[in-house]
Amino acid sequence: MKDIHAVFNGRFDSLGNIKISPLSRAYTFSDSVYEVIPFYNSNIIAFEKHILRLNKSCDSLSFCADIEEISKEITELIDKSNLNDGYVYYQISRGVDPIRSHMYEEDISIETFGYVLPHSFKSKNLKVMLCKDLRWQRCDIKSTSLLGNVMTMNSAKEKGCDEVIMHKNNIITEGGASNVFFSDDDCVFTPKLSKNILPGITRELLIKEITAKGIKVKEGSYNADDLLSAKSIWLTSSTKGLAQVVEIVNQKTNLEIDHKLFKECNNIFTSNFLS
Ligand code: PMP
């Protein structure tokens with residue numbers, strides 16, 4: 001941990017040296033938002049989109065953050081790390097309360113924290129579990145309040161799974177830390193944006209690029225039966241890229257591995273962003 005480059009309230013240090021107050025609202029209330037910003041071959045993937053989403057998350061919670069300064073810190077973290085491939089985790093919280101209280105003082109200053117880690121963007125195959133979506137009603141905000149995801153993903157881990165696909169009122173929402181895509185032989189389907197899912201940047205990049213190449217994409221409301229009748233299913237995120245689902249435990253084992261449409265989409269994404 002000592003050697004991990006990090007920054008706390010604008011001061012660069014190694015991760016192991018950073019100390020926070022127990023009265024940080026990040027700690028007491030998860031009153032914080034975050035981003036995971038990937039870079040490959042020293043190029044930040046969709047930097048402006050990540051910064052824009054971070055800014056939106058701050059606005060949703062009325063955090064007053066200096067986004068320009070934060071953008072500089074993120075690029076400086078990457079420069080300092082000397083890594084070619086990796087990601088930055090960056091978190092902004094409302095700050096430290098004088099004493100724990102749900103209702104915050106207007107004059108507390110935001111608290112910022114980030115670190116950079118190496119990461120290999122090799123595509124992985126995943127075993128997933130279909131789970132009830134236990135989360136709150138503002139999953140479109142990239143907040144660190146992720147207990148629903150944590151509980152669901154850890155019960156899936158006990159069943160030997162790498163990820164989950166969640167559904168709310170029988171409508172597929174998203175993965176525990178990813179967006180969901182599936183296809184038949186002709187068309188790619190993905191849940192439409194709503195307050196129940198995070199507007200994933202990988203999702204957005206993929207839809208734009210594959211549509212431009214003539215692949216049909218339908219964004220809509222899909223139920224478990226739609227998902228279970230798919231030929232191919234994959235999950236997307238900034239660190240996973242496109243990760244193919246090989247099995248939904250107890251429900252679906254006949255997925256076609258390296259299905260033609262998955263391969264096309266993965267090749268398009270890789271050649272645009274990971275080469
Ligand atoms: N949904 C959730 C719940 C996530 O945690 C993530 C990853 N942060 C995503 C979707 C994918 O978003 P992105 O492609 O921007 O990484």
Side-chain angles (χ1 to χ4, degrees), residues 30 32-40 44-58 60 74 85-92 114-115 117 119-121 123-124 126 128-154 156-157 161-168 171-182 188 190-210 217 219 222 227 233-245 265-266 268-270 272-274:
S30 280
S32 44
V33 298
Y34 74 107
E35 271 299 321
V36 173
I37 302 145
F39 56 96
Y40 187 82
I44 306 181
I45 302 171
F47 191 37
E48 296 75 24
K49 289 185 191 298
H50 282 279
I51 293 299
L52 191 69
R53 186 172 64 182
L54 187 58
N55 206 16
K56 273 195 188 157
S57 303
C58 286
S60 314
I74 292 169
D85 305 338
Y87 66 86
V88 170
Y89 174 88
Y90 199 94
Q91 176 178 308
I92 306 175
Y115 62 81
L117 278 186
H119 182 71
S120 137
F121 290 88
S123 189
K124 288 205 182 96
L126 306 174
V128 309
M129 192 162 100
L130 206 52
C131 296
K132 204 169 165 183
D133 193 333
L134 306 172
R135 302 172 303 159
W136 70 326
Q137 296 180 44
R138 289 305 309 273
C139 295
D140 56 321
I141 303 173
K142 199 162 170 62
S143 140
T144 64
S145 306
L146 292 169
L147 262 193
N149 312 52
V150 168
M151 287 168 71
T152 309
M153 287 175 88
N154 282 285
K157 187 179 167 200
C161 293
D162 314 288
E163 244 285 20
V164 298
I165 295 179
M166 300 182 282
H167 54 86
K168 195 171 220 155
I171 300 297
I172 299 294
T173 54
E174 60 183 339
S178 54
N179 292 111
V180 179
F181 286 79
F182 57 98
V188 172
T190 190
K192 65 179 180 197
L193 294 182
S194 75
K195 290 205 162 71
N196 292 325
I197 74 171
L198 184 80
I201 288 170
T202 320
R203 175 190 182 280
E204 182 186 335
L205 297 174
L206 180 66
I207 292 174
K208 180 160 177 273
E209 296 302 330
I210 63 178
V217 182
E219 297 176 62
Y222 302 108
L227 184 78
I233 304 174
W234 65 90
L235 303 180
T236 63
S237 81
S238 295
T239 50
K240 288 184 185 77
L242 273 64
Q244 199 171 191
V245 173
C265 292
N266 199 29
I268 293 169
F269 186 81
T270 305
N272 272 285
F273 303 107
L274 298 173

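For ligands, and for the atoms within them, numbers begin at 1 and follow the listed sequence. In what follows, every heavy atom counts, from backbone to side chain, and hydrogens, waters and symmetry copies are set aside. Numbering starts at 1 and runs along the sequence shown.
- Residue G176 places a heavy atom less than 4.0 Å from ligand 1.
- K49 NZ: 12 or fewer foreign heavy atoms inside a 6.0 Å radius.
- E174 pairs in a side chain to side chain donor-acceptor pair (under 3.5 Å) with only one of the listed residues (R135, H167, K168), which is R135.
- The distance from ligand 1 to the heavy atoms of S238 drops below 4.0 Å at these ligand atoms: 13 (P), 14 (O), 15 (O), 16 (O).
- Between F182 and Y222, the two ring planes are perpendicular [angle over 60°; tilted spans 30° to 60°].
- The aromatic rings of F121 and H119 sit perpendicular, their planes meeting at an angle over 60°, well past the 30° parallel limit.
- Here the protein heavy atom with the shortest distance to atom 1 (N) of ligand 1 is E174 OE1, 2.7 Å.
- Scanning all protein heavy atoms for the shortest distance to atom 5 (O) of ligand 1 gives A177 CA, 3.3 Å.
- At least one N or O atom of I201, backbone or side chain, sits closer than 3.5 Å to an N or O atom of ligand 1.
- In this comparison of K240, K142, M166, E204, the heavy atom closest to atom 8 (N) of ligand 1 sits on K142.
- In terms of polar-atom proximity, R135 is not counted as a contact of ligand 1, lacking any N or O under 3.5 Å from an N or O of the ligand.
- Residue nearest to atom 14 (O) of ligand 1, selected from T202, T236, L198, I37: T202 (by heavy-atom distance).
- The backbone of S178, and not its side chain, has at least one atom closer than 4.0 Å to an atom of ligand 1 (non-hydrogen atoms only; backbone = N, CA, C, O).
- Remark: the E163 side chain and the S178 side chain contain an N/O donor-acceptor pair separated by less than 3.5 Å.
- Between R203 and ligand 1, not a single N/O pair is under 3.5 Å apart.
- Near S237, with a cut-off below 4.0 Å to any heavy atom, the atoms of ligand 1 are 11 (C), 14 (O), 16 (O).
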task = Let me see the working for L130 and V164 under side chain to side chain contact (heavy atoms under 4.5 Å, CB included), right down to the final yes or no.
result = CA-CA 6 Å; L130 206 52; V164 298; over 6 Å; no

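- The shortest N/O to N/O separation between H50 and ligand 1 does not fall below 3.5 Å.
- At a 4.0 Å cut-off, at least one heavy atom of N179 sits close enough to ligand 1 to count as contact.
- Panel note: side chain T236, backbone G241; no donor-acceptor pair is recorded below 3.5 Å.
- Protein heavy atom in closest approach to atom 12 (O) of ligand 1: G200 CA, 3.5 Å.
- Electrostatic pairing of R53 and E204 does not count as a salt bridge here, judged by no charged N lying under 4.0 Å from a carboxylate O.
- Residues L242 and L235 have side chains not in contact (no heavy-atom distance under 4.5 Å, counting atoms from C-beta outward).
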